[in-house]
There are 2 protein chains.
Amino acid sequence: MSGFDVGTRLKQLRQRRDLSQRELAKRAGVTNSTISLIEQNSVSPSVSSLKKILDALPVSISEFFAGEELASEQVFYRAEELTEIGDGTLSWRLVGARRPNRSMSILHEYYPPGADTGEDMLEHAGEEGGIVVSGSIEISVNGETRVLTRGDAYYFDSRLPHRFRNIGDTDCVIVSANTPPSFAEGGGTQHH
Amino acid sequence: MSGFDVGTRLKQLRQRRDLSQRELAKRAGVTNSTISLIEQNSVSPSVSSLKKILDALPVSISEFFAGEELASEQVFYRAEELTEIGDGTLSWRLVGARRPNRSMSILHEYYPPGADTGEDMLEHAGEEGGIVVSGSIEISVNGETRVLTRGDAYYFDSRLPHRFRNIGDTDCVIVSANTPPSFAEGGGTQHH
DNA sequence: TCATGCTGTCAAGGATGTTCAACAAGGACG
DNA sequence: CGTCCTTGTTGAACATCCTTGACAGCATGA
């Protein structure tokens with residue numbers, strides 16, 4: 001039914017690391033029985049259990065299921081197919097789910113009035129750039145602050161501390177690209 | 001615990017599609033209560049349940065969790081500062097003139113009605129992707145042809161033969177990105 | 001106003017996932 | 001051979017998820 005063999009996939013990942021069911025269970029904070037039952041597809045684990053187990057490998061959930069639709073790489077995306085990555089006020093839409101082997105991510109970003117990536121400046125590896133499609137946005141990079149409007153653009157090394165803020169009273173829409181894909185690996189509730 | 005807000009994410013995806021809990025539940029083959037409880041993070045759904053629900057959206061599991069791990073060069077560019085690379089009918093505007101050490105180029109592309117990158121399919125190293133900002137465009141990649149409109153997007157390996165054509169009667173505007181930068185030195189009739 | 005239909009929430013109990021503890025199979029060593 | 005350690009599996013008890021069926025809130029309209 002699921003079309004995706006959770007049990008076998010988990011078993012492969014575990015064995016590749018030379019871990020016993022008990023050892024993995026211990027690291028994950030579950031019991032060996034749980035691992036056994038999952039690997040036999042006797043149960044469909046809860047997301048929380050699966051996450052605990054994958055964290056111990058460690059493998060991200062999206063990685064775990066990455067092969068699920070590897071079938072054919074998708075080229076075209078309808079507007080409503082873009083993967084949404086929001087957190088309440090801010091909202092980004094990703095072209096293509098996280099595909100670990102792609103070298104860029106492209107985003108459709110929506111900043112409602114007042115939206116703010118936060119006072120703690122963002123800093124991470126890679127480069128990013130974009131063009132303002134509508135509205136206006138205040139961008140600070142490495143101490144310099146500018147307000148960009150429709151048609152304006154930016155490009156910088158993401159290691160420079162940066163911040164995005166919509167100080168206008170209309171939505172701001174940006175199309176941007178990052179490299180390497182930053183909605184990706186690694187910890188934390190990272191933006192951008 | 002999970003560090004990832006499953007409930008809120010599901011709610012966003014559902015609401016973006018204008019589905020009620022009951023309607024989504026019906027399509028997914030679960031009950032509305034299940035959706036409600038998950039959205040409130042009152043439970044951590046089983047993988048099988050989550051998959052049924054996501055299939056109904058439809059969103060792949062890896063996409064669903066894509067945001068899990070989130071995200072003295074010139075930085076800002078006024079619209080009129082973008083370097084124009086036109087050749088009569090077609091017109092691109094580059095964010096930042098070609099800077100060899102950048103790993104991406106970002107383009108504001110204008111396709112007037114009838115614009116066509118040519119019958120000889122383009123093929124070159126790298127990857128490219130973009131989002132349609134206005135108008136519509138016919139894109140062919142590796143034999144497959146689609147018409148994209150406002151908000152739609154694409155992403156593909158540039159080694160696949162590809163072609164862009166505006167078959168509508170209004171301008172088409174796209175924001176795109178390529179890696180590695182492919183608008184090589186010195187003009188020529190280079191396209192992406 | 002009352003009926004109707006929609007929305008999302010919640011308590012109770014049945015269904016399913018997880019644990020605890022036992023078990024058998026296999027290898028290492030004396 | 002027996003002992004000891006490891007491995008993965010399984011039955012019964014417990015915890016959690018899921019469904020049933022109800023409820024209140026809000027809108028539309030007779």
Side-chain angles (χ1 to χ4, degrees), chain A residues 1-65 68 80 84 86-89 91 112, chain B residues 1-65 68:
Chain A
M1 179 107 322
S2 85
F4 183 71
D5 188 343
V6 172
T8 305
R9 175 112 174 91
L10 176 58
K11 189 168 191 170
Q12 284 174 350
L13 290 170
R14 176 177 64 81
Q15 291 182 331
R16 189 157 307 167
R17 274 150 242 247
D18 266 324
L19 294 173
S20 68
Q21 291 181 345
R22 279 180 165 83
E23 176 59 26
L24 174 57
K26 186 176 159 191
R27 298 189 191 180
V30 301
T31 63
N32 56 308
S33 312
T34 303
I35 311 274
S36 176
L37 294 171
I38 293 173
E39 287 188 354
Q40 297 171 83
N41 287 315
S42 297
V43 298
S44 174
S46 70
V47 168
S48 57
S49 297
L50 182 61
K51 180 154 197 343
K52 280 195 278 185
I53 294 166
L54 295 185
D55 281 350
L57 278 172
V59 169
S60 77
I61 296 195
S62 57
E63 246 177 289
F64 184 81
F65 289 101
E68 188 198 12
E80 60 275 11
E84 179 145 4
D87 73 338
T89 58
S91 157
Chain B
M1 170 132 312
S2 86
F4 180 70
D5 188 343
V6 171
T8 305
R9 174 110 174 91
L10 176 58
K11 187 168 193 169
Q12 284 176 351
L13 289 170
R14 176 176 63 80
Q15 291 183 332
R16 173 69 58 173
R17 287 167 177 71
D18 267 325
L19 293 173
S20 68
Q21 291 181 344
R22 280 178 165 84
E23 176 58 26
L24 175 57
K26 187 176 161 192
R27 298 189 191 181
V30 300
T31 62
N32 58 308
S33 311
T34 303
I35 311 274
S36 176
L37 294 172
I38 293 174
E39 287 189 353
Q40 298 171 84
N41 287 315
S42 298
V43 299
S44 174
S46 70
V47 169
S48 57
S49 298
L50 183 61
K51 180 154 198 342
K52 280 195 278 185
I53 294 167
L54 295 184
D55 281 349
L57 279 171
V59 168
S60 78
I61 296 194
S62 59
E63 268 178 89
F64 183 80
F65 288 101
E68 184 204 9

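Residue numbers start from 1 in every chain, and the chains themselves are labelled A, B, ... in the order their sequence lines are given, proteins ahead of strands.
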Chemist: Shoot me the first and last contacting nucleotide of DNA chain D against chain B, ordered 5' to 3', at under 4.0 angstrom to non-hydrogen atoms.
Modeler: dC17(D) to dA22(D)
Chemist: Apply side chain to side chain contact (heavy atoms under 4.5 Å, CB included) to Val59(A) and Arg17(A), showing your working.
Modeler: CA-CA 12 Å; Val59(A) 169; Arg17(A) 274 150 242 247; 3.9 Å; yes
Chemist: Any donor-acceptor pair, under 3.5 Å, between the side chain of Asn32(B) and the base of dT9(C), if you only look at N and O atoms?
Modeler: yes
Chemist: Between Arg14(B) and Glu39(B), what is the shortest heavy-atom contact and its length?
Modeler: NE-OE2, 2.6 Å
Chemist: Establish, from distance only, whether the side-chain atoms of Ser36(A) and Gln40(A) form a donor-acceptor pair under 3.5 Å.
Modeler: yes
Chemist: Indicate, with a heavy-atom threshold strictly under 4.0 Å, whether Thr34(A) touches base, sugar-phosphate, or nothing.
Modeler: base
Chemist: OG/Ser46(A) to CD1/Ile38(A) distance, rounded to the nearest 0.5 angstrom?
Modeler: 8.0 Å
Chemist: Check DNA chain D against residues 36-46 of chain A and give the residues with a non-hydrogen atom under 4.0 Å, in numerical order.
Modeler: Ser36(A), Gln40(A)
Chemist: What's the shortest heavy-atom distance between Ser48(B) and Ser44(A), and which atoms?
Modeler: N-OG, 2.8 Å
Chemist: For Leu10(A) and dT18(C), give me the distance from atom CG to atom C1', rounded to whole Å.
Modeler: 15 Å
Chemist: Check the phosphate of dT18(C) against Thr31(A), side-chain N and O only, distance under 4.0 Å to OP1 or OP2. Yes or no?
Modeler: no
Chemist: For Ser33(B) and for Ser48(B), locate the closest nucleotide of DNA chain C by heavy-atom distance; then report the residue assigned to the nucleotide nearer the 5' terminus.
Modeler: Ser33(B)
Chemist: Do the non-hydrogen side-chain atoms of Leu57(A) and Leu19(A) ever get within less than 4.5 Å of each other?
Modeler: yes
Chemist: Would you say Gln21(B) reaches dT7(C)'s phosphate, i.e. side-chain N/O to OP1/OP2 under 4.0 Å?
Modeler: no
Chemist: Would you kindly give the CG-to-C1' distance between Leu24(B) and dC6(C), to the nearest whole Å?
Modeler: 16 Å
Chemist: Sequence neighbours left out, cut at 3.5 Å: what donor-acceptor pairs do the side chains of residues 24-33 of chain B make with other protein atoms?
Modeler:
from	atom 1	to	atom 2	distance (Å)
Arg27(B)	NE	Glu23(B)	OE2	2.8
Arg27(B)	NH2	Glu23(B)	OE2	3.4
Thr31(B)	OG1	Thr34(B)	OG1	3.1

Chemist: Can you tell if the side chain of Ile61(B) reaches within under 4.5 Å of the side chain of Phe64(A), non-hydrogen atoms only?
Modeler: no
Chemist: Specify the separation, in whole Å, of atom CZ of Arg22(B) and atom P of dG8(C).
Modeler: 8 Å
Chemist: Atom NZ in Lys52(A), atom CG in Leu50(A): separation rounded to 0.5 Å?
Modeler: 11.0 Å
